[in-house]
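Not measured: the values here are computed from a predicted model. By convention in this document, chain letters (A, B, ...) are assigned in the order of the sequence lines, proteins followed by strands, and residues within each chain are numbered from 1.
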Protein chains: 2
Amino acid sequence: MTSKPNARQPSHVACRDCSLSSLCLPLALSIKDIDQLDNIIKRGRPLKKGEHLFLEGDQFSSVFAVRSGAIKTYTATNEGEEQITGFYLPSEILGLSGMDTDTYPVSAQAMETTMICEIPFELLEMLSDQFPELRRHLMRLMSKRIREDQQMMMLLSKKNADERIATFLINLASRFRRRGFSSQSFRLSMSRNEMGNYLGLAVETVSRVFTRFQKNGLISAVGKEVEIRNSVELCALAGGKTLDPNQILVTSA
Amino acid sequence: MTSKPNARQPSHVACRDCSLSSLCLPLALSIKDIDQLDNIIKRGRPLKKGEHLFLEGDQFSSVFAVRSGAIKTYTATNEGEEQITGFYLPSEILGLSGMDTDTYPVSAQAMETTMICEIPFELLEMLSDQFPELRRHLMRLMSKRIREDQQMMMLLSKKNADERIATFLINLASRFRRRGFSSQSFRLSMSRNEMGNYLGLAVETVSRVFTRFQKNGLISAVGKEVEIRNSVELCALAGGKTLDPNQILVTSA
DNA sequence: TGACGTCATTGAGATGCCTCAAAGTCGTAT
DNA sequence: ATACGACTTTGAGGCATCTCAATGACGTCA
């Protein structure tokens with residue numbers, strides 16, 4: 001673990017000094033070009049838990065990178081309930097799905113105190129006219145998202161409750177790992193309810209699966225704190241295809 | 001109806017003369033620039049039913065546009081069954097999800113005799129370095145796909161069997177309509193089995209829902225021929241959010 | 001620190017879809 | 001024309017998950 005996940009960060013770190021630069025958009029730019037990206041990025045005040053970054057139907061104007069905290073995106077079903085479409089952790093980019101419309105197709109809300117980098121899309125487009133590598137990176141981001149959504153569709157149409165939750169936990173673990181945090185032990189930023197909503201399960205089912213996983217020694221969980229105690233078994237439940245080869249968990253510390 | 005859906009087309013129509021140019025990639029290019037796209041497009045022999053365009057794991061090299069016929073993409077589940085991830089009709093583009101990997105993440109197979117335009121990705125990237133409008137179009141395509149996948153995730157996690165099939169039929173209808181064909185009456189290119197696989201339902205359930213829909217006068221179906229008899233009801237079942245405002249069906253001819 | 005509201009857990013019963021099984025229909029190729 | 005295989009339909013029963021209900025734990029704020 002390099003540092004604590006929610007360590008305070010000054011609110012105006014330059015991209016070149018940001019610890020996430022190797023995961024975020026700067027990935028596509030050389031050191032000297034990063035400063036240009038830096039110039040167009042707006043860094044707002046931190047969002048408090050429950051505050052919205054944008055609402056479904058808002059004028060599309062920017063894409064966003066999470067710097068700390070966590071964001072969920074959701075849309076309203078026909079019956080007016082919320083359907084969560086994604087969770088975003090630090091270094092992850094959201095807002096790209098609004099690109100071909102005038103308005104955001106989902107709402108984005110902070111699940112805890114969250115810091116955001118805002119990248120006005122018009123400027124990002126100008127910058128990507130300038131840097132082919134940046135636009136390829138954007139394309140790759142979107143392409144990756146399409147593949148991830150397809151994995152999600154597979155989860156929703158073929159997996160049972162146990163497999164869904166195993167997959168979800170393994171996926172979270174690998175995302176934490178990528179950011180340099182422990183993949184064995186972490187804090188969920190979402191409630192059981194939100195998890196169930198996202199995974200197409202009732203809260204009660206999520207809760208029962210958690211209980212069962214603990215009885216079987218797969219995980220231990222106290223509230224939102226989760227520890228993966230048997231990642232081999234959990235991966236097996238999740239199904240090998242869920243993780244990229246470079247995302248395989250280390251089995252022991 | 002402007003012409004029959006499966007009317008024979010000569011196998012080497014230039015983009016500028018293709019009846020699908022207003023729906024396909026040329027959409028992003030001016031008349032004189034289209035010829036450049038034209039030059040990089042490879043037009044192969046027609047694929048027969050069951051033939052593959054590419055296999056999961058094949059080296060990623062091109063994106064493809066369907067010119068006539070129909071393609072399905074699928075991937076293998078952990079248990080080795082096939083999971084269909086999409087159906088592609090004429091003018092629709094597939095292969096973009098492979099963009100950020102070396103290999104295609106899905107297999108693509110012809111569901112009937114199908115003609116394809118192949119666009120080598122390297123050349124497409126060069127061309128889009130030249131034409132900002134083309135690359136914005138590509139981005140929009142991907143962004144649209146992300147939104148559609150999210151609709152699909154919503155379908156899979158919140159809708160029951162009736163709603164899934166209503167949504168599917170309405171979606172197909174609007175895609176036919178966009179291409180200038182009847183949205184009231186069309187031929188399914190997929191089997192009940194494939195439909196169920198895609199929608200996360202057992203074949204038997206699909207069949208039962210079709211029967212029920214016919215009893216209730218929503219549709220009539222003989223084999224793969226489907227007629228929508230009550231599009232208002234069917235849309236209501238599908239849920240308003242499923243269709244873009246510009247995809248709303250005309251209620252009567 | 002105590003009280004409240006939110007979130008999580010557990011139990012019991014209902015249900016929608018799946019599985020298995022069998023018969024019926026269609027398309028196709030010989 | 002006929003026979004075969006593949007696809008579709010229908011029925012019966014089982015099961016995973018949902019729904020409803022109640023209790024329990026936690027976090028937060030006065």
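With sequence neighbours left out, K48(A) forms a side chain to side chain contact (heavy atoms under 4.5 Å, CB included) with E51(A). Residues passing the side chain to side chain contact (heavy atoms under 4.5 Å, CB included) test with S157(A) are Q83(B), L156(B), sequence neighbours excluded. With sequence neighbours excluded, the residues forming a salt bridge (charged side-chain N to carboxylate O under 4.0 Å, His left out) with E194(A) are K72(A), listed by chain and number.
When the P atom of dC7(C) is taken as reference, atom CG of L188(A) falls 15 Å away, rounded to whole Å. The nearest whole Å value for the distance from the CG atom in L201(A) to the P atom in dA8(C) is 14 Å.
Under the 3.5 Å distance criterion, with hydrogens and angles disregarded, a donor-acceptor pair is assigned to the side chains of T167(A) and K159(A). Side chains of R147(B) and S97(A): a donor-acceptor N/O pair is absent below 3.5 angstrom, by distance only.
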For F181(B) and F186(B), what are the C-alpha separation, side-chain angles and deciding distance, and is it a ring pair (Phe, Tyr, Trp, His ring centres under 6.0 Å)? CA-CA 8 Å; F181(B) 300 124; F186(B) 47 85; over 10 Å; no

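Looking at E92(A) and R175(A), a side-chain N of the basic residue comes within less than 4.0 Å of a carboxylate O on the acidic one, giving a salt bridge. Salt bridge E148(B)/K144(B): present, at least one basic N to carboxylate O contact under 4.0 Å.
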Atom pairs under 3.5 Å, N or O on each side, protein against nucleotides 22-30 of chain C: can you list them with distances?
none

Can you name the atoms? Protein N/O to nucleotides 14-16 of chain C N/O, anything below 3.5 Å, with the distance.
none

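When atom types are taken as modelled, the side chain of T85(B) and the backbone of T73(B) share a donor-acceptor pair closer than 3.5 angstrom.
Look at T205(B) and you'll find a side-chain N or O under 4.0 angstrom from OP1 or OP2 of dC18(C). For R192(A) and dT9(C), the shortest distance from a side-chain N or O to OP1 or OP2 is below 4.0 Å.
Nucleic acid contact for G196(A): none, since no nucleic acid atom lies under 4.0 Å from a heavy atom of the residue. As judged by a 4.0 angstrom heavy-atom cut-off over every strand, S191(A) is placed among residues touching the sugar-phosphate backbone only.
Of the residues near DNA chain D, V203(A) and M190(B), the one whose nearest nucleotide (by heavy atom distance) lies more toward the 5' end is M190(B). Residues K224(A) and R208(A) both approach DNA chain C. Their nearest nucleotides, taken by heavy-atom distance, put K224(A) toward the 5′ side.
Chain B approaches DNA chain D over the interval dT8(D) to dA12(D), counting the first and last nucleotide 5' to 3' with an atom under 4.0 Å from its heavy atoms.
Open room surrounds NZ on K42(A); 12 or fewer heavy atoms of other groups in view lie less than 6.0 Å from it.
Applying the 3.5 Å distance criterion, the base of dT10(C) shares no donor-acceptor pair with the side chain of R212(A).
Classified by interplanar angle (parallel below 30°, tilted 30° to 60°, perpendicular above 60°), the ring pair Y104(A)/F54(A) is parallel.
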